[in-house]
Amino acid sequence: MIEIEKRWQERWHKSKIFEAEPEGKKYFVTFPYPYVNCPPHIGHTYSAVRVDMVARFKRMQGYNSLFPQGWHMTGEPLMGAAKRIAAKDKEQFKIFKVAGVPDSVIPSFSDPETMARYFIGEWEKQFHKAGFAIDWRRTFFTTSLNPCYSAFVRWQFLRLRGMGLIGKGLHPVVYCPSCDSPTGSHDRLQGENATILKYTVIKFRCGEMIVPAATLRPETTYGVTNMWVNPDTEYVKARLGGETWLLSEDAFTKLKDQDYALARAGKVKGAKLVGNVCTNPVNGDEAPILPASFVKPENGTGIVMSVPSHAPYDHAALVDLKKRLDYIHLIDTPNFPQHPAVGVCEEMGIRSQDDPKLEKATNTVYRNEFHKGVMNERCGKFAGRRVSGTKEEIMNYFGNRDWAAVLYDTSEPVVCRCKTPNHVKMIRNQWFIKYSDRKWKSRALRCLSKMKIYPEEARQWFENSINNMIDKACARKSGLGTPLPWDNNWIVEPLSDSTIYMAYYIIAKYINAGLVGENNLTDEFFDHVLLDREVDVERTGLPKSMLDRIKKEFDYFYPVDLRGSGKDLVPHHLCFFIYNHVALFPEDKWPRAISVNGWVRNEGQKMSKSLGNFLPLSDVLEKFGADAFRVSILDTAEGLDDPDFRSENAMAFLRKVKRILAATDSVKDMKSYKKRTMDRWLLAMVQERIRYTTEFLEQLMNRQALQHAFHGMLGDITKYLSKIDKPDRKTMEYAMETFAKLLVPFAPHLAEEIHSKFHKTLVHNAKWPKVVKRYVDESVVVGENYLDNVAKDINHITKIIGKKPKSVKIVVASGWKYKLVSAVKSHLDRGTPFNAVMKEIMKDMRFRRKETAGVVQSLLKDPSKVPEHLLSANQEFALLNDLVFRAKVMVEHEEKSKEPKARNAMPGKPAIVVVT
RNA sequence: GCGGGGGUGCCGGAGUGGUCAAACGGGCUAGGUUGAGGGCCUAGUGGCUUAGUGCCUGCGCGUGUUCGAGUCACGUCCCCCGCACCA
C-alpha cells in the first residue's frame, strides 16, 4: 500500500492538483500552524486529517479548495531547548533522541534556527507522506528570522494600536528570580497547574507594628479571635512608608516584587512575638498572637489570622494548644452547626493541626459557606448578604479604608526548571491587547453567531470564552518572535502573532516565488492588499499590476471558510482568531466556520509526557501508510470526542484493502446481464451510501460518513458478490467507481487505485457522486432486509435443533393480519395514544375476529413487532420464493397451510417449519 | 470554585420519548475454507427458556413525569478538559 501511496502522491504533485489559483468558487481551509520544536506525532495531525478531508470533499463538489500550511516558532520553548542543548543538558538530549533525531544532529540544535529548520523539514516530509492536499507554494515560518512575516505582524500591531486596542499596565506573572523571567507552565519542574490567586492582606496593628495576615476569605475578618505565627520562623521587620510590617522572609521577597517599596529594618523570631496583642482593623477586637506549626512561612505573609469558628486549621491549632477562646460565629449555612469548623473536625476525626485531612475539611466548609452561607449581624455592613458575590466588594471596602492590602500568590508551590522556587511578580508596563473592550467583544460575539461551529455543542464554549475574555498580555521579553514595532524591548508573544496569518498565505505565494520581497512589505502594502485602503502604493515599490494581482487573489480566497483544530485551542487561539478578524477586517472577510475535535489517543491511552507514549507520525506512516492512519482515526470519533489510534485497526484496514483491490481487479472478467433483484439492490444501496456520506460530510461527521462510504459500501459489495453467482459487470463497475469517489476524503490513495482500474484520469478530478434517482428503490432494500431476517430465524431454529434440515417450510401470514397490522401501524404513525389504539381497532367492523384483541395487544406491548416497512402477503410470498438456503425451501400461505405453527405467522415474520 | 464535555457489552463507541439498546469497528468463541507472511467466509457473543416471534435483567446512583425513559425533570456520585499570556 505504501508504494501505491507514493505513486499517487507523485502523480498529484506532477499534476499540481492542490495548487489553487483564483478561479471558480473557492473553499479555503486552514489547520493551525504547528509549533516546530519536535517532529510530528499522531496527535498533531488529526485536525489536519479532518481539514484535509473537507478540502478534498469540497474540491470534488466543484469548489476550488485551498489548503496551505505554515510553521510556528514564536516563543520560549525552541529557545529554551536550544539553550539546554548548548548547556549539554542530558534530559534535553534524551528528549530529542526519543523523538527520533539522529545523535549527530542534536548538538547543532544549540542554534534555535537550525533546530526549527530541521523540524520544519521533518514536518514537511511527513505531511508529504501523509498525502495532504496542501498547496506547498504558500508555506512559511514565523519570527524575525522571517522578515517578511515580521513585517506582517508589525503591520497588524500598528493597526491594532492605531485603533486603541493595545494598552499598557501592571500584570502579575509567575516569576523565577534566578532566570529573571516569567515561568510558563511548560518551564516548571513543579506546580505546572498552579494559578495566581489574589489574597487580601488584613493589616492588624500591634503597637507600632503592622501584623499582616493574608486570606482568601476576607469576610471572616469579622470573626478573628487570635493571630498565628510560626514560633520557629525568623520574621523580617520591614519599613513601608511610615509603617513597619512584620513578614516572613518569603513574603518580604514576594511583596517587593509586587510593587511594595519595602526596606529591611530588623528581624524577630516568631516565638518572641507570642503573647503580644493585635487589634483587628475592621472591628477593633483584640487578637493575641499565638504559636502554630501549621503556619508556613512560604505561604501568604507567614502570619495567619485565626477564625476558629469557620476555619478547621485554626480550631485544630487551638485544640492543640488547649486554649479556650470565645469562637465568633459569622456565617449561617443550612445544615451546618453553629461553629462549622468544629463540627467538620469532629465528623472527620481530626485530632491535630498536622492532620492532612484538614485540607479537605477546609474545602468542605469553604464550599458550603461560599455558596449557601449568609453573613450575620457581626459582619457589619455586609450582614444579611451571601458570601458568594460579595467577596470582591469586601476586598474593595477594606482596601479603601486602608484596613487591607493585596497580595498575589500561586495556588501551589511552583519550582522553575532551574530548580529555583518561584513567586508572583508584578510586571510593570506590560503591553496588553484589550480583549475586554466591550465594543470589540460584542463584534466578536456577532461574528460567532454568524459562524458555523462544528460540532454545535462547542458553540457555548466559544460564547463563554469570549464573554469572559480579559485583556491579554501580548508581549514578552525573551524567546523568538517579532519585536513590538514601537518598543523593541518586547517581542510579540506566540498566541498574539498568530491570529490573522491565514491572510498571509495568499501573500506568501508571491514571496516564495520571489515576486515580492521584504522591502515591498510596507504598511501601505498590507493596507492596500488586505484592507483596500487608499494609500500611497508607490511606497511598496511594486508595480500596480502586481499589487492588483495579489489583492485580487486575497479578495478571492478570503475569508477563511473553515478553520479546524483541537478543542484545546477554543478558549484562546480560536477566540483571538475571531477577535482580530473582526477588529481588522470588514465583515465580508470574517471567518465562516470553525471545527474543533478531540485528541488522538494511542492504543486507548492518552498520550502524555509522563507516559512517554507519543507515537511519531513517521512510524505510523512507515508501518501502515497514510490511508490506514487516516481511516483508523477518522473511524473512531467525531465531534469533541477523542479518537483512538490502534494498530490492529490499521491492520484490519490493510486487510480490507487487499480484498477491495482483488474485487476491483475481478470486475474486468465479469459479463453483463439483465438486471436481477440483487443488481437492483446493490444499485439502490449505493444511492443510500451516497446520500448519507454526503450528509454527514457536510456536518463534518467523519465517523458516520466513513461508516457509509467505507464500511457500508464494502459490506454491500461483499454481500452482493456472495449472494450472486454471476455478478453483473456494469453494476459492479458503477459500484466500484462510486466507492472510489466516496473514499477520496478518507482514503485518497486507495480511491485513486480503485479508480485507476477503470479510468486513466484522477479520481480527485471527478465529480462528487450524486444520488441517481432511477436507482433508488426502497422496496428492493426492504425486501432484502426481510429475507435476511427470515434467514436469521431459520438459522436460529436449526441451531436449536442441532440437526441439518432436509427442507424448510415457510408460511406467510393470512391477509387479515396485514390489514390489521397496517391499521395499527397507521395509528402509531399518526401518534394515536397507545390506550386509544385498541379501542379504535375494536370499533372497526373489518377486524371482528376473536384473535384480533390478542394480536393488537401483543403489538402494543412491544411496538417493535410492527414492521417499519410493511410488505403485502403476496410480496412476501414472491420474495421467499427467491430465498436461497442450503436446504429445500417451500413457501405457502397461512390460509392454505395445514401446519399447526402456521397460525404464528405475522406480517414481516412468517412462520417457519424446519423438517429434519 | 467557575465554565465546557461526559458516565451504555470484553474494548472504542451508536442510540436525543415508542419500530432492534448495543449500529459500525475491534476483540473473543465455534464451524467451514489449500489459505503465501498479524488470511477469508458463516454463525454466535447479558441471563433464562424454547423448534425461533417468550420471559427476566440491563444504559453511574436515586426519585419523579409518562400508557411508554438510556433518551425528559429534580437530586446525587464520579471522570475528563479549560481557567490566560502558556505552546
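In what follows, chains are A, B, ... by sequence order, proteins preceding strands, each numbered from 1.
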A:Thr718 has its side chain closest, among B:A87, B:G26, B:C41, to B:C41

Output the rounded distance in Å from CD (A:Glu463) to P (B:C83).
20 Å

Which whole number of Å gives the distance between the P atom of B:C74 and that of B:C81?
27 Å

Kindly give the heavy-atom pair with the smallest separation between A:Arg601 and A:Asp642, and that separation in Å.
NH2-O, 3.4 Å

Who pairs with B:C2 - Watson-Crick or G-U, where each distance is under 3.5 Å
B:G82

Under a 3.5 Å cut-off for both contacts, is B:G27 paired Watson-Crick or G-U wobble with anything, and if yes, with which nucleotide?
B:U45

Does B:G39 have OP1 or OP2 sitting under 4.0 Å from an N or O in the side chain of A:Arg655?
yes

Please give the distance between the C1' atoms of B:G26 and B:G75 as a whole number of Å.
38 Å

So, is A:Lys656 close to the B:G26 phosphate, meaning a side-chain N or O under 4.0 Å from OP1 or OP2?
yes

Is B:C61 paired to anything, Watson-Crick or G-U wobble with both distances less than 3.5 Å, and if yes, which nucleotide?
B:G75

Backbone N/O of A:Thr200 and side chain of A:Thr215: donor-acceptor pair under 3.5 Å:
no

Contact under 4.0 Å: A:Asn464 side-chain N or O vs B:G4 OP1/OP2:
yes

B:G52 and B:G44, which share atom name C1', separated by this distance in whole Å:
15 Å

Syn/anti state for B:G82 [syn: chi within 90° of 0]
anti

Mind calculating the distance between CD (A:Gln704) and C1' (B:A23) to the nearest angstrom?
10 Å

How far does the C1' atom of B:G13 sit from the matching atom of B:G27, given to the nearest Å?
14 Å

Nucleotide forming a Watson-Crick or wobble pair with B:G68, both distances under 3.5 Å:
none

Which value, in whole Å, describes the distance between the P atoms of nucleotides B:G9 and B:G15?
16 Å

Using OP1 and OP2 only, check whether a side-chain N or O of A:Arg601 sits under 4.0 Å from B:G13.
yes

Touch check for A:Pro910, heavy atoms < 4.0 angstrom, all strands: base, sugar-phosphate only, or nothing?
base

Could you check how far CZ of A:Phe624 sits from P of B:G38, rounded to whole Å?
12 Å

Ignoring hydrogens and geometry, is there a side-chain-to-backbone donor-acceptor pair from A:Arg459 to A:Leu448 under 3.5 Å?
yes

Whole-Å gap separating P (B:C24) and OH (A:Tyr692):
14 Å

What is the distance from CZ of A:Arg659 to P of B:C41, rounded to the nearest Å?
4 Å

Could you tell me how far B:U71 sits from B:U63 if I compare only their P atoms? Round to whole Å.
14 Å

For B:C78 versus B:C86, give the span between their C1' atoms, rounded off to a whole number of Å.
30 Å

Out of B:G38, B:G25, B:G13, which nucleotide sits closest to the side chain of A:Glu648?
B:G38

Parallel under 30°, tilted from 30 to 60°, perpendicular over 60°: which one fits the rings of A:Tyr501 and A:Tyr33?
parallel

Under 4.0 angstrom, heavy atoms only, what part of the nucleic acid is A:Pro182 near: base, sugar-phosphate, or nothing?
sugar-phosphate

How close or far is atom P of B:G4 from atom CG of A:Asn467, stated in whole angstroms?
11 Å

Tell me which of A:Asp471 and A:Ala458 sits closer to the 5' end of RNA chain B, going by the nucleotide each one is nearest to.
A:Ala458

Sticking with atom C1', work out how far B:C10 lies from B:U66, rounded to a whole angstrom.
35 Å

Are any side-chain N or O atoms of A:Thr636 and backbone N or O atoms of A:Asp644, one a donor and one an acceptor, separated by less than 3.5 Å?
yes

A:Leu714 CG - B:C41 C1' separation (whole Å):
13 Å

Do the side chain of A:His44 and the base of B:A87 come within less than 3.5 angstrom through a donor-acceptor pair of N or O atoms?
no

Provide, to the nearest angstrom, the distance between the NZ atom belonging to A:Lys623 and the P atom belonging to B:G38.
11 Å

Report yes if at least one side-chain N or O of A:Arg476 is closer than 4.0 Å to OP1 or OP2 of B:A84; otherwise report no.
no

A:Phe696 side chain near A:Leu706 side chain, heavy-atom distance below 4.5 Å:
no

Residue pair A:Ile433 / A:Ser496: nearest heavy atoms and the distance that separates them
CD1-OG, 3.9 Å

Nearest-nucleotide comparison on RNA chain B, the residue closer to the 5′ end among A:Gln707 and A:Gln460:
A:Gln460

Shortest non-hydrogen contact from A:His711 toward A:Asp635
NE2-OD2, 2.8 Å

For B:G39, what is the paired nucleotide under Watson-Crick or G-U wobble rules, both distances under 3.5 Å?
B:U33

Nucleotide forming a Watson-Crick or wobble pair with B:U19, both distances under 3.5 Å
none

